[in-house]
Amino acid sequence: MDEERLQAYLSLIQMLLICPSGKEEILNSHQDLVDGGLVQMMQQVAEWLAQEGNKDNGGFFN
């Protein structure tokens, strides 16, 4: 997986985390990123947030 794709996944995850509603619209508009790689990246982000003990984005994207 290349760096550009990783950054695209992280950007999409950030949009999903900060979006109060309409997550389906975000996913529908980024269908090219909805794949196994996104799932893996979401798992990594979730693990990192859990380790940090944060319920929100924990500064992950700041």
Set of side chain to side chain contact (heavy atoms under 4.5 Å, CB included) partners for Glu3, sequence neighbours left out: Leu6, Gln7

Selection residues 7-17 - residue pairs positive for salt bridge (charged side-chain N to carboxylate O under 4.0 Å, His left out), sequence neighbours left out: none

Across all chains, not counting sequence neighbours, the side chain to side chain contact (heavy atoms under 4.5 Å, CB included) partners of Met15 are Ser11, Leu12, Ile26, His30

Taking only residues two or more places apart in sequence, or in another chain, which ones meet Val34 in a side chain to side chain contact (heavy atoms under 4.5 Å, CB included)? Leu27, Leu38

In Ile18, Leu33, Val45, the residue satisfying side chain to side chain contact (heavy atoms under 4.5 Å, CB included) with Ile13 is Val45

Under the salt bridge (charged side-chain N to carboxylate O under 4.0 Å, His left out) definition, can you give me all pairs with a residue in residues 6-16, not counting sequence neighbours? none

Residue pairs fulfilling salt bridge (charged side-chain N to carboxylate O under 4.0 Å, His left out) with at least one residue in residues 26-41, sequence neighbours excluded: Arg5-Asp35

Quick note, salt bridge (charged side-chain N to carboxylate O under 4.0 Å, His left out) partners involving residues 7-29, not counting sequence neighbours, are none

Co-membership, hydrophobic cluster, residues Trp48 and Leu17, 4.5 Å side-chain: yes

